[in-house]
Amino acid sequence: MSVTEEAETIVEQFNNHGAEIEQADVQSRLVELVEEYKVPLEEAVNSVESQLFEETPVAEGEYYGDSESELLEMGNLAQYGDEYWGDARVQVVELWEPNSDAVGQVGLVGDETGTAKFTAWAKSDLPTLEEGESYLLENVVTDEYRGNYSFKLNGATDVTHLDETVEVGDQSVSIDGMLVDIQDGSGLIRRCSEDDCSRTLRNGRCSEHGEVEGEFDMRIKGVIDDGQTAYDVVVGRELTEELGGISVSEAKQIAMDSLDTEVISDQLEAKLIGRYVEVEAAPIGDTHVANEISIADPSGLEDALERAEAMQAQQS
Ligand SMILES: [Zn+2]
(Lines give C-alpha, C1' and ligand atoms only; values in the text may rest on other atoms or scores of the structure.)
Protein backbone atom coordinates (compact mmCIF):
# COMPACT_ATOMS: atom_id res chain seq x y z
CA MET A 1 0.00 0.00 0.00
CA SER A 2 1.06 3.58 -0.57
CA VAL A 3 1.49 6.17 2.18
CA THR A 4 -1.83 7.75 1.16
CA GLU A 5 -3.65 4.42 1.31
CA GLU A 6 -2.10 3.56 4.67
CA ALA A 7 -3.14 6.98 6.02
CA GLU A 8 -6.70 6.46 4.72
CA THR A 9 -6.90 3.05 6.41
CA ILE A 10 -5.66 4.43 9.72
CA VAL A 11 -8.10 7.38 9.62
CA GLU A 12 -11.02 5.13 8.71
CA GLN A 13 -10.23 2.61 11.45
CA PHE A 14 -9.72 5.20 14.17
CA ASN A 15 -12.75 7.27 13.20
CA ASN A 16 -14.89 4.12 13.05
CA HIS A 17 -13.95 3.65 16.69
CA GLY A 18 -15.02 7.15 17.71
CA ALA A 19 -11.87 9.18 17.08
CA GLU A 20 -11.85 12.37 15.03
CA ILE A 21 -8.58 12.48 13.18
CA GLU A 22 -7.73 13.94 9.82
CA GLN A 23 -6.17 12.43 6.76
CA ALA A 24 -3.68 15.28 6.27
CA ASP A 25 -2.38 14.97 9.83
CA VAL A 26 -1.85 11.20 9.64
CA GLN A 27 -0.33 11.42 6.22
CA SER A 28 2.19 14.09 7.17
CA ARG A 29 3.30 12.04 10.18
CA LEU A 30 3.82 8.99 7.96
CA VAL A 31 5.68 11.00 5.34
CA GLU A 32 7.99 12.48 7.96
CA LEU A 33 8.88 9.04 9.35
CA VAL A 34 9.36 7.44 5.96
CA GLU A 35 11.15 10.24 4.13
CA GLU A 36 13.06 12.05 6.86
CA TYR A 37 13.82 9.19 9.22
CA LYS A 38 13.91 6.40 6.62
CA VAL A 39 11.59 4.23 8.70
CA PRO A 40 10.03 1.35 6.69
CA LEU A 41 6.39 2.17 5.93
CA GLU A 42 4.99 -0.70 8.00
CA GLU A 43 6.95 0.42 11.05
CA ALA A 44 5.90 4.01 10.43
CA VAL A 45 2.26 2.87 10.40
CA ASN A 46 2.77 1.08 13.72
CA SER A 47 4.46 4.10 15.20
CA VAL A 48 1.68 6.51 14.15
CA GLU A 49 -0.95 4.08 15.41
CA SER A 50 0.83 3.97 18.78
CA GLN A 51 0.80 7.79 18.93
CA LEU A 52 -2.91 7.82 18.10
CA PHE A 53 -3.73 5.33 20.85
CA GLU A 54 -2.23 7.88 23.25
CA GLU A 55 -4.03 10.84 21.73
CA THR A 56 -7.49 9.40 21.05
CA PRO A 57 -9.94 7.41 23.20
CA VAL A 58 -9.55 4.39 20.88
CA ALA A 59 -8.34 1.30 22.75
CA GLU A 60 -5.62 -0.76 21.13
CA GLY A 61 -7.45 -4.04 21.71
CA GLU A 62 -10.63 -3.12 19.88
CA TYR A 63 -8.68 -1.50 17.04
CA TYR A 64 -6.55 -4.53 16.26
CA GLY A 65 -9.48 -6.81 17.01
CA ASP A 66 -11.05 -5.39 13.89
CA SER A 67 -8.17 -5.57 11.50
CA GLU A 68 -7.86 -9.27 10.87
CA SER A 69 -4.23 -10.07 11.26
CA GLU A 70 -2.91 -13.32 9.89
CA LEU A 71 -1.76 -16.04 12.27
CA LEU A 72 1.74 -16.95 11.12
CA GLU A 73 2.65 -20.64 10.83
CA MET A 74 5.88 -21.13 12.77
CA GLY A 75 6.92 -24.15 10.75
CA ASN A 76 6.54 -22.30 7.45
CA LEU A 77 7.80 -18.75 7.97
CA ALA A 78 9.61 -18.83 4.63
CA GLN A 79 6.28 -18.72 2.77
CA TYR A 80 5.69 -15.13 3.97
CA GLY A 81 9.06 -13.72 2.93
CA ASP A 82 10.98 -11.01 4.75
CA GLU A 83 9.32 -8.23 6.80
CA TYR A 84 5.83 -9.69 6.79
CA TRP A 85 3.60 -8.61 9.67
CA GLY A 86 1.24 -10.96 11.46
CA ASP A 87 0.39 -12.60 14.78
CA ALA A 88 1.94 -15.66 16.42
CA ARG A 89 0.17 -18.04 18.79
CA VAL A 90 2.99 -20.03 20.32
CA GLN A 91 4.55 -21.91 23.20
CA VAL A 92 8.05 -20.84 24.27
CA VAL A 93 10.19 -23.94 23.71
CA GLU A 94 13.58 -22.62 24.72
CA LEU A 95 15.21 -19.33 25.69
CA TRP A 96 18.80 -18.57 24.71
CA GLU A 97 21.43 -16.21 26.05
CA PRO A 98 21.21 -12.92 24.08
CA ASN A 99 24.57 -12.16 22.46
CA SER A 100 23.96 -8.41 22.31
CA ASP A 101 22.66 -5.75 24.71
CA ALA A 102 20.20 -4.66 22.02
CA VAL A 103 18.42 -8.01 22.34
CA GLY A 104 15.98 -8.37 25.23
CA GLN A 105 15.10 -12.01 24.65
CA VAL A 106 15.92 -14.61 22.03
CA GLY A 107 14.84 -18.20 21.73
CA LEU A 108 12.69 -20.80 20.08
CA VAL A 109 8.89 -20.86 19.99
CA GLY A 110 6.55 -23.32 18.35
CA ASP A 111 2.99 -24.00 17.29
CA GLU A 112 1.23 -26.96 15.66
CA THR A 113 3.15 -26.38 12.41
CA GLY A 114 6.66 -26.40 13.89
CA THR A 115 9.19 -24.10 15.49
CA ALA A 116 10.84 -20.76 14.77
CA LYS A 117 13.46 -18.48 16.29
CA PHE A 118 12.27 -15.19 17.74
CA THR A 119 14.06 -12.04 18.85
CA ALA A 120 12.65 -9.31 21.10
CA TRP A 121 14.45 -5.97 21.20
CA ALA A 122 15.49 -4.67 24.60
CA LYS A 123 14.27 -1.17 23.74
CA SER A 124 10.75 -2.49 23.03
CA ASP A 125 10.42 -3.15 26.77
CA LEU A 126 8.01 -6.08 26.35
CA PRO A 127 6.77 -8.45 29.06
CA THR A 128 9.26 -11.28 29.70
CA LEU A 129 8.37 -14.57 28.03
CA GLU A 130 8.79 -17.74 30.12
CA GLU A 131 9.82 -21.17 28.88
CA GLY A 132 6.93 -23.62 28.59
CA GLU A 133 4.31 -20.85 28.68
CA SER A 134 2.02 -20.02 25.75
CA TYR A 135 1.35 -16.55 24.34
CA LEU A 136 -0.51 -14.66 21.67
CA LEU A 137 2.00 -12.26 20.11
CA GLU A 138 0.19 -9.67 18.03
CA ASN A 139 2.02 -7.59 15.43
CA VAL A 140 5.29 -9.40 14.94
CA VAL A 141 7.36 -9.24 11.78
CA THR A 142 9.23 -11.94 9.88
CA ASP A 143 12.96 -11.64 9.27
CA GLU A 144 15.23 -13.41 6.83
CA TYR A 145 18.97 -13.92 7.31
CA ARG A 146 21.00 -16.10 4.93
CA GLY A 147 17.90 -18.04 3.95
CA ASN A 148 16.87 -18.71 7.56
CA TYR A 149 13.57 -17.24 8.69
CA SER A 150 12.77 -15.98 12.17
CA PHE A 151 10.51 -13.28 13.52
CA LYS A 152 10.88 -10.20 15.66
CA LEU A 153 8.88 -8.69 18.48
CA ASN A 154 8.98 -4.89 18.51
CA GLY A 155 7.41 -1.79 20.02
CA ALA A 156 4.12 -2.47 18.21
CA THR A 157 3.86 -6.04 19.54
CA ASP A 158 1.17 -6.95 22.06
CA VAL A 159 1.95 -9.89 24.32
CA THR A 160 -0.96 -11.80 25.85
CA HIS A 161 -0.31 -14.78 28.12
CA LEU A 162 -2.59 -17.73 27.26
CA ASP A 163 -4.06 -20.07 29.87
CA GLU A 164 -4.16 -22.94 27.40
CA THR A 165 -0.99 -24.61 26.13
CA VAL A 166 -0.18 -24.31 22.44
CA GLU A 167 0.94 -27.70 21.12
CA VAL A 168 4.28 -27.71 19.36
CA GLY A 169 4.33 -29.88 16.27
CA ASP A 170 7.20 -32.12 15.26
CA GLN A 171 9.10 -30.42 12.53
CA SER A 172 11.82 -32.93 11.88
CA VAL A 173 13.42 -32.86 8.47
CA SER A 174 15.26 -35.54 6.53
CA ILE A 175 18.74 -34.76 5.34
CA ASP A 176 20.53 -37.21 3.08
CA GLY A 177 24.02 -36.21 2.15
CA MET A 178 27.73 -36.45 2.72
CA LEU A 179 29.31 -35.66 6.06
CA VAL A 180 31.87 -33.14 4.81
CA ASP A 181 33.20 -31.69 8.06
CA ILE A 182 33.46 -32.41 11.77
CA GLN A 183 33.94 -29.14 13.60
CA ASP A 184 35.75 -27.98 16.74
CA GLY A 185 33.94 -28.98 19.89
CA SER A 186 33.27 -32.49 18.55
CA GLY A 187 34.37 -35.79 20.06
CA LEU A 188 34.99 -36.17 23.76
CA ILE A 189 34.01 -33.01 25.61
CA ARG A 190 33.51 -32.05 29.23
CA ARG A 191 30.43 -30.25 30.49
CA CYS A 192 30.04 -28.19 33.65
CA SER A 193 28.73 -30.34 36.51
CA GLU A 194 27.02 -27.48 38.39
CA ASP A 195 23.23 -27.79 38.73
CA ASP A 196 21.31 -26.35 35.77
CA CYS A 197 24.52 -25.76 33.84
CA SER A 198 25.68 -27.91 30.97
CA ARG A 199 28.06 -25.46 29.31
CA THR A 200 31.02 -27.13 27.64
CA LEU A 201 34.30 -26.53 29.43
CA ARG A 202 37.26 -24.84 27.82
CA ASN A 203 40.54 -25.87 29.40
CA GLY A 204 38.61 -27.23 32.36
CA ARG A 205 36.76 -23.95 32.91
CA CYS A 206 33.07 -23.08 32.67
CA SER A 207 32.44 -19.53 31.46
CA GLU A 208 29.96 -19.14 34.32
CA HIS A 209 31.38 -21.26 37.17
CA GLY A 210 35.14 -21.18 36.57
CA GLU A 211 37.21 -24.28 37.21
CA VAL A 212 34.97 -27.30 37.78
CA GLU A 213 35.32 -31.08 37.74
CA GLY A 214 33.03 -31.52 34.75
CA GLU A 215 31.37 -34.56 33.26
CA PHE A 216 32.43 -36.29 30.08
CA ASP A 217 30.10 -36.22 27.11
CA MET A 218 30.49 -36.99 23.44
CA ARG A 219 29.00 -35.33 20.40
CA ILE A 220 29.56 -34.50 16.76
CA LYS A 221 29.08 -31.02 15.36
CA GLY A 222 29.07 -31.89 11.72
CA VAL A 223 28.30 -30.40 8.35
CA ILE A 224 26.21 -32.48 5.97
CA ASP A 225 26.06 -31.48 2.34
CA ASP A 226 23.19 -32.80 0.20
CA GLY A 227 24.55 -31.24 -2.97
CA GLN A 228 22.46 -28.10 -2.61
CA THR A 229 22.73 -27.01 1.01
CA ALA A 230 25.27 -27.52 3.77
CA TYR A 231 23.47 -28.27 7.03
CA ASP A 232 24.96 -27.79 10.48
CA VAL A 233 23.97 -30.89 12.43
CA VAL A 234 24.58 -31.67 16.09
CA VAL A 235 24.67 -35.36 16.98
CA GLY A 236 24.25 -36.11 20.68
CA ARG A 237 25.95 -38.67 22.91
CA GLU A 238 23.98 -41.85 22.20
CA LEU A 239 23.92 -41.42 18.44
CA THR A 240 27.60 -40.48 18.41
CA GLU A 241 28.41 -43.65 20.38
CA GLU A 242 26.45 -45.69 17.86
CA LEU A 243 27.82 -43.98 14.77
CA GLY A 244 31.41 -43.90 15.97
CA GLY A 245 31.25 -47.42 17.40
CA ILE A 246 32.78 -46.19 20.66
CA SER A 247 31.28 -45.53 24.10
CA VAL A 248 32.04 -42.50 26.25
CA SER A 249 33.90 -44.67 28.77
CA GLU A 250 36.01 -46.24 26.00
CA ALA A 251 36.66 -42.79 24.57
CA LYS A 252 37.70 -41.57 28.03
CA GLN A 253 40.15 -44.46 28.36
CA ILE A 254 41.67 -43.82 24.94
CA ALA A 255 41.99 -40.11 25.67
CA MET A 256 43.67 -40.80 29.03
CA ASP A 257 46.07 -43.30 27.49
CA SER A 258 47.10 -40.82 24.81
CA LEU A 259 46.88 -37.80 27.16
CA ASP A 260 44.83 -36.06 24.52
CA THR A 261 41.07 -35.66 24.09
CA GLU A 262 41.49 -34.51 20.49
CA VAL A 263 42.30 -38.07 19.56
CA ILE A 264 38.60 -38.96 19.72
CA SER A 265 37.47 -36.30 17.27
CA ASP A 266 40.38 -37.33 15.03
CA GLN A 267 39.10 -40.92 15.13
CA LEU A 268 35.55 -39.82 14.34
CA GLU A 269 36.82 -37.72 11.44
CA ALA A 270 38.82 -40.61 10.01
CA LYS A 271 35.85 -42.92 10.29
CA LEU A 272 33.04 -40.65 9.15
CA ILE A 273 34.13 -37.80 6.90
CA GLY A 274 33.20 -38.42 3.30
CA ARG A 275 30.50 -40.92 4.18
CA TYR A 276 26.88 -40.66 3.12
CA VAL A 277 24.46 -40.39 6.01
CA GLU A 278 20.70 -40.29 6.43
CA VAL A 279 19.53 -37.98 9.20
CA GLU A 280 16.23 -37.11 10.81
CA ALA A 281 16.78 -33.82 12.59
CA ALA A 282 14.89 -31.03 14.33
CA PRO A 283 15.80 -27.54 13.12
CA ILE A 284 16.73 -25.36 16.09
CA GLY A 285 17.71 -21.88 15.07
CA ASP A 286 20.44 -22.14 12.47
CA THR A 287 21.40 -25.69 13.36
CA HIS A 288 19.80 -29.14 13.30
CA VAL A 289 19.69 -31.59 16.19
CA ALA A 290 19.75 -35.20 15.01
CA ASN A 291 17.03 -37.56 16.28
CA GLU A 292 18.25 -40.39 14.08
CA ILE A 293 21.35 -40.84 11.99
CA SER A 294 22.69 -43.76 10.04
CA ILE A 295 25.31 -44.48 7.42
CA ALA A 296 23.50 -44.81 4.11
CA ASP A 297 24.07 -48.19 2.56
CA PRO A 298 27.22 -49.08 4.53
CA SER A 299 27.66 -52.40 2.71
CA GLY A 300 27.53 -50.61 -0.63
CA LEU A 301 30.23 -48.26 0.55
CA GLU A 302 32.43 -51.10 1.80
CA ASP A 303 32.05 -52.73 -1.61
CA ALA A 304 32.96 -49.51 -3.34
CA LEU A 305 36.03 -49.09 -1.13
CA GLU A 306 37.10 -52.68 -1.80
CA ARG A 307 36.66 -52.17 -5.53
CA ALA A 308 38.66 -48.94 -5.35
CA GLU A 309 41.43 -50.69 -3.45
CA ALA A 310 41.42 -53.59 -5.87
CA MET A 311 41.68 -51.20 -8.81
CA GLN A 312 44.53 -49.36 -7.15
CA ALA A 313 46.32 -52.64 -6.48
CA GLN A 314 45.90 -53.62 -10.13
CA GLN A 315 47.24 -50.31 -11.34
CA SER A 316 50.32 -50.36 -9.15
ZN1 LIG B 1 28.84 -23.95 34.66
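A quick note: this is a predicted structure, and the numbers were derived from the prediction, not measured. Indexing begins at 1, ligand by ligand and atom by atom, following the structure's order.
- Around the Zn ion (ligand 1), the protein contributes the following N, O or S atoms at distances under 2.8 Å: Cys192 SG, Cys197 SG, Cys206 SG, His209 ND1.
- Using a cutoff of 4.0 Å between basic side-chain nitrogens and carboxylate oxygens, Glu215 and Arg190 are not scored as salt-bridged.
- Classification of the His161-Tyr135 ring pair by plane angle, with boundaries at 30° and 60°, yields perpendicular.
- Listed here is the closest heavy atom pair of Met74 and Ala116: O-CB, 3.6 Å.
- Glu269 and Lys221 are not joined by a salt bridge, as no carboxylate oxygen comes within less than 4.0 angstrom of a charged side-chain nitrogen.
- Salt bridge present: Arg89 and Glu164 bring a charged side-chain N and a carboxylate O closer than 4.0 Å.
- Taking a cutoff of 4.0 Å between a charged side-chain nitrogen and a carboxylate oxygen, Asp217 and Arg191 qualify as a salt bridge.
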